[in-house]
J.: 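Questions regarding the structure given below will be posed in turn.
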Number of protein chains: 2
Amino acid sequence: MTKTDPSRASVTLKDVAALVGVTSAAASMALAGSSRISQKTREAVKKAADDLGYVPSAAGRALRNQRAGAIALIVPNTSKHVFGHSYFMHVLTGMSTEANIRDLQVVLSTTTEQAGDVAAYDRVVRSRSADGAIVTSAAVTDSNLEDLVASGLPVVLIGNFPYLPRAVTVGIDDVAAGREITEHLLAQHGCTRLVHVTGPLDHQTGIDRRDGFLAAMDEAGLGDQAVIVEGDFSEEAGRAAVETLLDEGAVFDGIVFANDDMAFGGLEALTARDIPVPGGVPIVGFDDFGLSRVTTPGITTMHTPAEEMAALASQRLFDLIEGVENVPARSELPVRLVARASCGCLPG
Amino acid sequence: MTKTDPSRASVTLKDVAALVGVTSAAASMALAGSSRISQKTREAVKKAADDLGYVPSAAGRALRNQRAGAIALIVPNTSKHVFGHSYFMHVLTGMSTEANIRDLQVVLSTTTEQAGDVAAYDRVVRSRSADGAIVTSAAVTDSNLEDLVASGLPVVLIGNFPYLPRAVTVGIDDVAAGREITEHLLAQHGCTRLVHVTGPLDHQTGIDRRDGFLAAMDEAGLGDQAVIVEGDFSEEAGRAAVETLLDEGAVFDGIVFANDDMAFGGLEALTARDIPVPGGVPIVGFDDFGLSRVTTPGITTMHTPAEEMAALASQRLFDLIEGVENVPARSELPVRLVARASCGCLPG
DNA sequence: CTGAAAGCGCTTACAG
DNA sequence: CTGAAAGCGCTTACAG
């Protein structure tokens, strides 16, 4: 069957070395392929390692190399609610792909307390459970992030952090993307009185997408018509925004939601009030993490390449860990408008 | 600001000990709260550790304690496609919650190759990157799993593995659940000619849900009417199953899909052929990982408590790692039928 | 060229 | 009672 020893006790380098009759130092070099060790010994050691099912101890290596061989994803408690399951799974997929290539582990660090977001990061890196970390979705108000970046520990942020110019970040151009999808409703669907339901305005994503919306409205000479309703990325916020608008008798001919979850909540609210989408009110969302494809109507959205962002962030992180010079501080990936039925592009 | 030293070099026990003027052994005991160390020294050491921002080295501890302080989730490459993003995120959430309570890390191990599923697991545990692992969604045909369980390494399987009686597993009663949701269509909606679109039949989940369907049909005296179409849990399989049925002119008055993804694919195919759901054909799915709530109509389904399963699996794993005797080999969590519009229970 | 010590950071068993 | 060595598993710098 398998060659691995099924016994519980773990096989160390010493066991391998003893089987061949060399020191563990020699065995180590042999497995590393050092030319210092004769080819014959090298092969004997490799065979012995194979036969015994030897796998190097992560702890032994980490201690000796001062390198954990792992990268961490920090998921602050709050952001799990804000960004949702699918976002983080895309991020984990991107990280895992890159980590696998380099034979590194991925450790997941979720925060329990509200306040301890950075403490969580700090613990992971200072305990050297991971050689660096990817942090995503931090709030603008989170001042600790600044100390973190200044500390010089390897960290890559996913998102946009204009107030942290020295941080290495990977993201998209939310302003341009927000403008583009707004222009879509204006130019392709003849909307003139648009509402924007924002994300949380203590997150740069929320701010930028709103600014993109306002820029598009201004450029179209419709700045006066622009209505802003503050949301928080939750489905419930989208629903509440629509209900409030309708209750107040607001006049509008389209809604730009800052993400798909809110667009879905809004869609349900509109449908519940017998306002057809897109016939009565065309709407658009943002993200395309999965939800927007499966609703009826499908939600027109800006595809945010979360997995690719995470993959690139991982590469940047590896560079930081390895001490590569001149790692680009900012990388932006392209987004792409995905036209579906909610704006009127596709048949319902 | 923070008390932590922002310098890159990490603080070791030796640094803490030096600051107080004791040996690192004494500092270790002081931090552990040993009564061997005078209260005064204990406090001084704790203060010094605090001031320096000392965090114990994971590698040092792991090597000394022969314990990684981490548990792993193994995600075989194939199962990512089979079970989808949301399932694994539920599992990770459940694991993280339990791991946080015990101050353990969660490491994520995704397999690259097709064949190397167990090798991946093996590497993680043998390298002692993790003290044990949770493995989910393994195929019945994966004979390596048997060796794995026999090896005595701490592992908990999520799912049902009747051919591995010695394995510690956490799951649901898929047969009973499959029967229950089938009975719902029979008893509540008067269906008599039901189709079942199965999951992959090399996974126990696929087999069990099918058997539950057949049992319900038999008990209702409708065994002759039961039609089985083999699927694989993918949306595309659900779509293809419906198209084939319609093309062949099959006669049926309801469909039991073995999961929600297939139900969604089937729903789209029915809608595309102008067959209203539930008016033309009532359908039900299985899982309730997120999708079934957001479709139109919402899909009636059996709620599978993935997060709770993962939490319980984690607890079982901790017990195995700690050598607790008589860890229950099998735990089953209750499922719950969630009635939505696709069967006709709720208004569209 | 090669053998074997030293040391990464930690904690406990041992010596005094 | 307390000081300090030993050793977890590994790899490299050093001694011979």
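Below, read A as the first sequence line, B as the second, and so on, with proteins coming before strands; counting in each chain starts at 1.
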J.: Please determine whether a side-chain nitrogen of the Lys or Arg among B/D50 and B/K46 lies less than 4.0 Å from a carboxylate oxygen of the Asp or Glu.
T.: no
J.: Distance between the P atoms of C/dA13 and D/dC10, in whole angstroms?
T.: 23 Å
J.: For the backbone of A/S24 and the side chain of A/S28, can you confirm whether one donor and one acceptor N or O come within less than 3.5 Å of each other?
T.: no
J.: Any side-chain donor-acceptor pair under 3.5 Å between A/T93 and A/S96?
T.: no
J.: Does B/A59 reach a base, just sugar-phosphate, or nothing at all? Heavy atoms under 4.0 Å.
T.: nothing
J.: What is the pairing partner of C/dG3, taking Watson-Crick or G-U wobble pairs with both distances under 3.5 Å in any strand?
T.: D/dC14
J.: Tell me whether the side-chain N/O atoms of A/Q66 come closer than 4.0 Å to OP1 or OP2 in D/dC10.
T.: no
J.: Rounded off to whole Å, could you give me the CG-to-P distance for the B/L13 and C/dT12 pair?
T.: 12 Å
J.: Could you give the distance from CZ (A/R61) to CZ (A/R67), rounded to the nearest 0.5 Å?
T.: 12.5 Å
J.: If I take atom CZ in residue B/R128 and atom C1' in nucleotide C/dC10, what distance separates them, rounded to the nearest angstrom?
T.: 16 Å
J.: How many Å lie between CZ on B/R126 and P on D/dC10, as a whole number?
T.: 13 Å
J.: Rounded to whole angstrom units, what separation is found between the CG atom of A/L31 and the P atom of D/dC10?
T.: 10 Å
J.: Which listed nucleotide (C/dG9, D/dC10, D/dT12) is nearest to the side chain of A/A25?
T.: D/dT12
J.: Any carboxylate oxygen within less than 4.0 angstrom of a Lys/Arg side-chain nitrogen, looking at B/E43 and B/K47?
T.: no
J.: Round to the nearest Å and state the distance from B/L63 atom CG to C/dT11 atom P.
T.: 12 Å
J.: Toward the 5' end of DNA chain D, which comes first, A/R36 or B/N65, by nearest nucleotide?
T.: B/N65
J.: Please report, rounded to the nearest Å, how far the P atom of D/dC8 is from the CZ atom of B/R67.
T.: 18 Å
J.: Indicate, with a heavy-atom threshold strictly under 4.0 Å, whether B/S28 touches base, sugar-phosphate, or nothing.
T.: base
J.: D/dG9 C1' sits how many Å from B/R64 CZ, rounded?
T.: 13 Å
J.: Rounded to the Å, how far apart are B/R61 CZ and D/dG9 C1'?
T.: 18 Å
J.: Find which nucleotide of DNA chain D each of A/T12 and A/M29 is nearest to by heavy atoms, and output the residue with the more 5' nucleotide.
T.: A/T12
